[in-house]
Amino acid sequence: MLRANDPSIKSWVEVSADSDFPIQNLPFGIAKSGNKQPGVVSAIGDFVIDLRILGEHGFFEDLDFDTNVFERPYLNDFIALGKKITNGVRDRLSLILDTDYDDWDASELRDYFLYPMAEVEMLLPVQIGDYTDFYSSREHATNVGTMFRDPENALLPNWSHLPVGYHGRASSIVVSGTPIRRPKGQTKPNENEPPVFGPCKLLDFELEMAFIVGKETALGDSIGTKDAEDHIFGMVVFNDWSARDIQKWEYIPLGPFLGKNFGSTISPWVVTLEALEPFKIPGYKQEPAILPYLEYKGNKNYDINLEVAIKPEGEDQTIVCKSNFKYMYWNMVQQLAHHTVNGCNFRVGDMCASGTISGPDSSAFGSMLELSWKGTKPLTLNNGATRKFIQDGDTVIMKANAEKNGVRIGFGTASGKIIPAS
Ligand code: MN
């Protein structure tokens with residue numbers, strides 16, 4: 001077990017029981033505090049940890065890396081140092097913040113390197129070069145296939161043999177808190193009439209998680225399932241905003257385009273794959289048999305609770321979905337092995353999202369499309385209002401956390417408010 005994962009460790013920083021950031025988490029992000037330049041931070045309880053200050057005071061000296069990486073506006077250069085260093089930093093933070101550790105008394109410096117989280121601005125954590133979205137929840141793919149094609153043959157023949165995905169757009173991925181403008185585009189509301197232009201009428205969220213690649217590969221190289229975890233730095237919560245009416249008209253034959261690339265929202269904290277190690281569980285039995293390059297050993301699914309809330313302007317939020325990352329038929333290791341099996345190269349900071357994560361129960365459906373069953377079953381919010389899709393002024397708030405042995409590892413929130421079309 002990694003030191004930082006030890007559930008018995010307590011910190012001298014007060015951490016409430018419902019915090020996303022106990023000493024066992026120590027995620028990484030980019031924050032801007034006051035008039036300082038953005039830099040690399042971690043989190044504990046209600047505080048952000050400024051790694052620059054700790055670096056300047058020599059706390060990482062023996063780890064033998066250039067602490068200037070903490071001055072950068074993205075995590076990419078830090079991540080590129082490799083897991084030996086990044087895990088070393090996480091372990092070191094766990095020592096520095098540990099109540100029982102006597103070699104340093106970092107608590108004397110606390111006012112210099114701990115900032116109240118409420119007083120800093122969290123920025124996009126990584127510069128995302130390329131972004132791919134998968135379609136790996138069997139329940140989601142089945143629901144969509146049932147609604148739009150044939151309930152008898154909801155899954156297309158390829159779905160059970162490979163992790164289906166498409167190349168998305170990295171430039172429009174934004175950090176939690178960034179407003180999302182309702183997209184405009186072509187739709188075809190009436191089957192027998194020509195298409196029309198205007199604001200999207202069927203705006204939706206997709207509850208997803210995404211992993212961030214931490215290791216570069218060369219063009220022509222493949223990553224086997226055995227090595228894939230070495231290439232995954234960590235994870236975020238991901239909202240793949242979707243304009244269903246635009247998507248429906250445009251997607252044949254090449255797949256999602258303008259119905260997807262107007263914005264995606266991620267949580268600001270990257271939780272390391274190592275912090276999630278205790279939450280690994282077995283995945284689905286995969287039948288029909290998969291090809292050897294997709295076979296894997298050990299537990300590669302994760303038990304991570306997910307939830308989505310809708311908060312209308314000026315009102316309280318209503319939780320509309322409770323799902324779990326364990327409902328992934330194709331796991332991240334298989335996704336990465338499949339993505340590189342043809343020699344496609346990856347760069348540090350590339351992002352792969354899971355696809356909408358729906359569970360078997362209708363309360364675990366990860367999109368309004370499924371929750372309202374194409375708009376035929378409107379949801380009733382706590383204030384009595386109903387929703388088939390997302391309205392202007394609505395904020396969609398996604399959260400994720402994993403809990404075991406009294407340790408609760410959270411991701412913070414991925415939240416975005418819809419503002420009217422221009
Ligand atoms: Mn998606």
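As the structure lists them, so they are numbered: ligands from 1, and atoms in each ligand from 1. All heavy atoms count here, side chains included; hydrogens, waters and symmetry mates do not.
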Nearest N/O/S atom of Asp240 with respect to the Mn ion (ligand 1), by atom name, please.
OD2
Return the orientation label for the Phe365 and Trp373 ring planes: parallel under 30°, perpendicular over 60°, tilted otherwise.
tilted
With the Mn ion (ligand 1) as the reference point, give the N/O/S atom of Asp133 that is nearest.
OD2
Pick from Arg182, Lys417, Lys201: which one makes a salt bridge (Lys or Arg N to Asp or Glu O under 4.0 Å) with Asp392?
Arg182
Taking the six-membered ring for Trp, are Trp159 and Tyr329 parallel (under 30°), tilted (30 to 60°) or perpendicular (over 60°)?
tilted
The Mn ion (ligand 1) - closest N/O/S atom in Glu206
OE1
What is the ring orientation for Phe78 with Phe233, classed by angle as parallel under 30°, tilted 30 to 60°, or perpendicular over 60°?
perpendicular
Please name the atom of Glu208, limited to N, O or S, that comes nearest to the Mn ion (ligand 1).
OE2
